[in-house]
Amino acid sequence: MASVRLVDVIDVLEAAYPPRLAQSWDSVGLVCGDPSEPVESVTIAVDATADVVAQVPDGGLLLAHHPLLLRGVDTVAVGTAKGALIHSLIRTGRSLFTAHTNADSASPGVSDALADTLGLEVVEVLSPVPSGPALDKWAVFVPAANADAVRAAMFAAGAGHIGDYSQCSWSVPGTGQFLPGDGATPAIGEVGVVERVAEDRVEMVAPASRRGAIIAALRAAHPYEEPAFDLIELQTPPGDVGLGRIATLPSPEPLSAFVSRVRTALPATSWGVRASGDPDATVSRVAVCGGAGDSLLAEVATAGVQAYVTADLRHHPADEHRRSSDVALVDVAHWASEFPWCQQAAALLRTHFGASMPVTVSDARTDPWNVEGSPYES
């Protein structure tokens, strides 16, 4: 049986959780390991802690959701906590790979796994990422005899691409009118005389990043001293990836029952499950976001949902939300909200590699909150 190389696993992970979806501040991808070497197993966890690393067999890969080295690092000396983990992994031929905010936004991703665990059906993305690069629409007015030259120049500068098609444009004939003033040197007509010219309106789309090059090409190819054109910034349609999900329940239920559903479905933590809202309010459509989600409260308020399940809700954002919105809040432990993703990633790898590579979800609880307070007794 052919061995599985680390690069083979990385290819599968990056196809499912594209690095381009990661937030600009994030650190995702391979932390240590040689992509050309074989990998004997994969262990999956939310965090790369010492207990988790101890479960990774020699020659194995640890796939972690949270980056071990997220912020600026100037040493991985063995005397530091994280440095010791890195040294331990490298010495035993083990690798570490991270899929963080790219896994949050991917489809399916972290929030899909959370919704599935809660028995919900995902219907849309809460905060979608645009489906493509920012686009402009250009409309250029040019004498019919010069239209092909202007088109060609704009195409060469990067305009006119739609999917797998290039040199895409649309034209309609019309009549252009202008009055050259003193100081003008018109290519057609005379100063002081109204001129009417048979012109084409030529339209095409182009990446917004190519604006400078396209306007330079347009001016160079256009016969007029002052070309007339429209430049319209287009709204990019939302895609099927992004943060959070909107989902529906199998049947409506009171908020109190929904909170119990969440508590039962997720692994128990000292944080527990807490909620804010009318216990008797009916819940049928909810928003979910694995991990810290109070940055999405504005989207939640207008999403047409009755409840929002996420983690790490802070006092003031939650208070402000509840003052202005009827959407109930259900706050869970950060680790618990993301742990279901581990099984999702495991299923992905098992589907691709089958029996050729063992895949295990770590049973180590990496939630940093581990002590529950008890009522004070005098």
Pairs involving residues 7-16, ordered by first then second residue, that meet salt bridge (charged side-chain N to carboxylate O under 4.0 Å, His left out) (sequence neighbours left out) |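 Every salt bridge (charged side-chain N to carboxylate O under 4.0 Å, His left out) pair that includes a residue of residues 7-16, provided the two are not neighbours, is R5-D8.
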Going by the salt bridge (charged side-chain N to carboxylate O under 4.0 Å, His left out) test, which pairs reach into residues 58-84, not counting sequence neighbours?
->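 Applying salt bridge (charged side-chain N to carboxylate O under 4.0 Å, His left out) to every pair that reaches into residues 58-84, excluding sequence neighbours, yields nothing.
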Among all residues two or more places apart in sequence or in another chain, which pass the side chain to side chain contact (heavy atoms under 4.5 Å, CB included) test with S295?
->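 By the side chain to side chain contact (heavy atoms under 4.5 Å, CB included) rule, S295 matches no residue at all.
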Side chain to side chain contact (heavy atoms under 4.5 Å, CB included) between Y17 and W341, intermediate numbers included | CA-CA 12 Å; Y17 311 118; W341 169 80; 3.2 Å; yes
Given side chains that start at C-beta, do those of [X] and [Y] come closer than 4.5 Å, heavy atoms only?
X	Y	value
R365	D51	no
L13	L348	yes
L249	V283	yes
C289	Y308	yes
V332	T269	no
L61	T43	no

Any salt bridge between R211 and E233, counting N to O under 4.0 Å?
->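 Here R211 pairs with E233 in a salt bridge, since their nearest N and O are under 4.0 Å apart.
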Is the side chain of H321 donor-acceptor paired with the backbone N or O of V327 at a distance under 3.5 Å, no angle test?
->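 Side chain of H321 to backbone of V327, a donor-acceptor pair under 3.5 Å: yes, one is there.
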Taking Q306 for the side chain and S284 for the main chain, is one N or O donor matched with an acceptor at less than 3.5 Å?
->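 Indeed, once roles are kept as given, a pair shorter than 3.5 Å links the two residues.
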Closest contact, heavy atoms only, P227 versus Y224 |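 Looking at all heavy atoms of both residues, the closest pair is CD-O, 3.7 Å.
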Is the closest side-chain donor-acceptor distance between E338 and H334 under 3.5 Å?
->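 The criterion, which ignores hydrogens and geometry beyond distance, is satisfied for H334 and E338.
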Return yes when atom CG of D326 has more than 12 non-hydrogen atoms of other residues, nucleotides or ligands closer than 6.0 Å, and no otherwise.
->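 Check fails, neighbour count at 12 or below.
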When you look at CD of Q177, are more than 12 heavy atoms from neighbouring residues, nucleotides or ligands closer to it than 6.0 Å?
->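 Result for CD/Q177: enclosed.
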